[in-house]
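Everything quoted here is computed from the prediction, not taken from an experiment. Hydrogens, waters and symmetry mates are skipped; everything else that's a heavy atom, side chains included, is used.
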Amino acid sequence: MSLIFSFLFLFNQNSDDTLRVKNFENKLFESFQNEDNAEMIIEELIYLHDNPIVLSTANEDELLSIPLITNREIDIVLNWRDTTNDFSWKSLKNVFKNKPQFILLLQYCMVMNEDEIGYLKIRNRIVLPQSILPLLNRNQEELKLYNRVNFKTHNLKSNLLIEKDSFEDYKNGFTTGFIEYNFSQSLPQIIIGDYSISVGEGLAISKNIFSSISNSELKIPKSNKIISASSSSDEYKFMRGIASKINLNQNISIYPFYSNRNKFGNLNEEGIISSVSYTGFALGKEIFNENIFGVVSKFSKRNSYEINFTSLNAKYDKIINSNEPMNLDSNKFSVIGISGTNYFKNSEVFYDYAKTDKNKNALAVGFLSEQKYFSYLIHFRNYRNGFSNPFAGAIRQNNFVGSENGIILGIETRITDWLKIVGFIDDFSILKNDDFSSSGREYSLRIENQFSKSIESYFLFKQKDYLNSNKKTYRFNFIFNFKNDFEISQRIEFVDLLQLAYRENGILLFTDFKYKLFDEKISIASRIISFSSDSYNSRLYQFENEIPGNISFLPLYGNGLRFYFYTNWKINEDAILSFKISTTRKKLENIYENKYETQNQFSLQLDLVF
């Protein structure tokens, strides 16, 4: 059993953990359930939820920091804000009548006025070993520590995060931080510390690692905000140095950036870095230095077009020849790219192109048409054989961006206010060499029904055929609301996996309860999950309610039961107490006798408002 104590001190912030927002959180996060690639975007959204944008004073750059938002949607929001006589969520909802999920996204990441947010936030979390009593006799390296400090004023933002995972010594713990300042209209952004760069779909450079589109929204993930301060606990996908945005005029901006940081890897007998470490859990023994300089030039006209030119040059103090995409066989790497979007009345054309110093290139082109009741998407990608870019993060079926062709066809229709259908097909081929490739196809269909204010459901079907593998997923999810105070959710999910002549199956069932008491001062959530799968390959995922700032997106496999109980108590206007207790009982893989292992965890968090 492990024990988590977490304390968050907030100054001048109101908490908004309504049942509706929590439901949106679950639905949105699970829609990016492309297994291992969901955590980064979830972490970004949680950070914005804890540090919301102020809509009354927000500029375009701040709105661009919201994941999944488009330039067209930003224009509509800003035009509404500048012209409305009723500055309220109710008024904004009327502007986006056909996009209720978009409004919930804004409410999750934003507040209307500055008096709703705070200036200083401190969060401390400690994960203790199995029991408290023998703690003094244990090695402190078993503790997991998480400490974050945020400070924000109108022109200044800063963040410091210190994290140490269990069984990780202090010197290998992770520290990240930044200071971001808005000097003037000509220099609206300068970041010193840790930051990330994302341009277009990410063929030249991206902080994201998407490998598919969401199953609930018809959108190709694109990065709107080019430079972002890094607040993530991800230990690899960030730069460390200085970056800024310089506005030359209303339509032209440049983003110079410089990074110098150490990374970890392992040397082979020839003195070459043969493997690169991506996490603090398995750091290599050798430290090597990465030095990066680059610039992005942006040309744009509101509601018309946007064009980005990217140049990046990286130099290392050792030769790198690891697995793709770090198979540089050199101590340097460079890439150039061009990306952009042309906007029309109800549609847009977007493109991304990148070329490396090895004269290998990649191209992605897409078209999206959005009508009132029907939208469709066409997206084509051609990543040439041999294209390898360690800074890329675009859509793919391969393990890395490169050596792949594909076309995505997608539709979204809202026939009525209570029925929404989203589906796509990804037909792809992964290139093994110039003469051989292996083809595959991925399907996704999601049907959402809002039968009444009290009953909603969705059905999700996914299938992926590649090489000698066929994997199908079926999910049925139902939500029953009772007077906005009590809610029951039920899900059943099946996985059918056929590899060569061997078939595996997985099944997950859960029942979830949410209840509000005493004028919503106390929120309670509980879930019991039964799962069974033949192996890790047929695993199942489910996003759980968590204490604020935590992520629980667990893969469940084998045979077992899981239960958790979560509550959020608004003691008064200045104090909120949250805790969660969970237990998982799982059968050990032993053909001779029935043995089980049990894992328990208790989480506690206090939010104080001053």
Side-chain angles (χ1 to χ4, degrees), residues 6-17 21 41-67 69 74 77-78 81 87 105-125 146-163 175-185 187-196 207 224-234 238-245 547-550 573-576 605-610:
S6 181
F7 299 94
L8 173 64
F9 299 91
L10 306 179
F11 296 78
N12 297 334
Q13 175 163 340
N14 294 324
S15 176
D16 182 18
D17 273 330
V21 172
I41 188 172
I42 292 175
E43 209 167 37
E44 285 186 50
L45 287 165
I46 288 177
Y47 178 80
L48 284 173
H49 186 58
D50 289 342
N51 303 271
I53 297 167
V54 181
L55 182 53
S56 61
T57 59
N59 56 36
E60 184 177 358
D61 279 336
E62 289 181 287
L63 295 181
L64 286 171
S65 66
I66 301 176
I69 197 171
I74 289 174
V77 170
L78 292 177
R81 184 193 66 183
F87 189 67
L105 173 65
L106 295 184
Q107 289 180 307
Y108 190 78
C109 299
M110 306 181 72
V111 293
M112 280 288 178
N113 299 296
E114 194 165 9
D115 58 3
E116 299 178 55
I117 68 167
Y119 297 103
L120 180 64
K121 305 177 183 180
I122 303 172
R123 173 170 288 161
N124 301 299
R125 183 181 303 142
Y146 181 99
N147 305 280
R148 181 192 289 276
V149 178
N150 295 319
F151 180 74
K152 179 180 180 180
T153 65
H154 183 66
N155 293 320
L156 175 69
K157 298 178 185 177
S158 64
N159 175 80
L160 176 64
L161 169 63
I162 302 174
E163 183 185 51
T175 302
T176 181
F178 67 83
I179 297 176
E180 180 177 355
Y181 194 77
N182 179 352
F183 280 96
S184 63
Q185 187 173 356
L187 187 59
Q189 185 184 26
I190 182 168
I191 300 173
I192 300 175
D194 295 344
Y195 63 91
S196 56
K207 64 182 176 181
N224 298 307
K225 188 175 177 66
I226 293 175
I227 295 179
S228 301
S230 178
S231 59
S232 171
S233 59
D234 182 276
F238 69 92
M239 296 184 179
R240 177 164 289 172
I242 184 170
S244 67
K245 176 183 180 181
I547 59 175
N550 259 9
E573 293 299 323
D574 301 323
I576 300 172
Q605 180 163 298
L606 177 65
D607 299 311
L608 299 178
V609 183
F610 298 94

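You'll find the side chain of Ile66 stays beyond 4.5 Å of the side chain of Ile74, heavy atoms only.
Proximity of a side-chain donor or acceptor of Ser56 to a complementary backbone N or O of Met112 within less than 3.5 Å is detected. Between the Gln189 side chain and the Ile227 main chain, a donor and an acceptor come within less than 3.5 Å of each other.
The minimum heavy-atom distance linking Leu187 with Asn182 is given by the pair O-OD1, 3.9 Å. The two atoms that bring Ile53 and Ala58 nearest to each other are CG2-CB, 3.7 Å, heavy atoms only. In this structure, Ser230 and Phe178 approach most closely via the heavy-atom pair O-CD2, 3.5 Å.
One distance of note links OH of Tyr181 with OG of Ser244; it measures 15.0 Å at 0.5 Å rounding. The OG atom of Ser196 sits 7.5 Å away from atom CD1 of Ile191, with the distance rounded to the nearest 0.5 Å. Going from atom CD of Glu180 over to atom CD1 of Ile192 covers 11.0 Å, rounded to the nearest 0.5 Å.
The number of heavy atoms from other shown groups lying within 6.0 Å of CD1 (Ile179) does not exceed 12.
Here the rule is side-chain contact (heavy atoms from CB on, under 4.5 Å) with Thr176, and of Leu161, Leu160, Ile162 only Leu161 fits it.
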Exercise. Could you walk me through whether Val77 and Leu55 pass the side chain to side chain contact (heavy atoms under 4.5 Å, CB included) check?
Worked result: CA-CA 9 Å; Val77 170; Leu55 182 53; 3.7 Å; yes
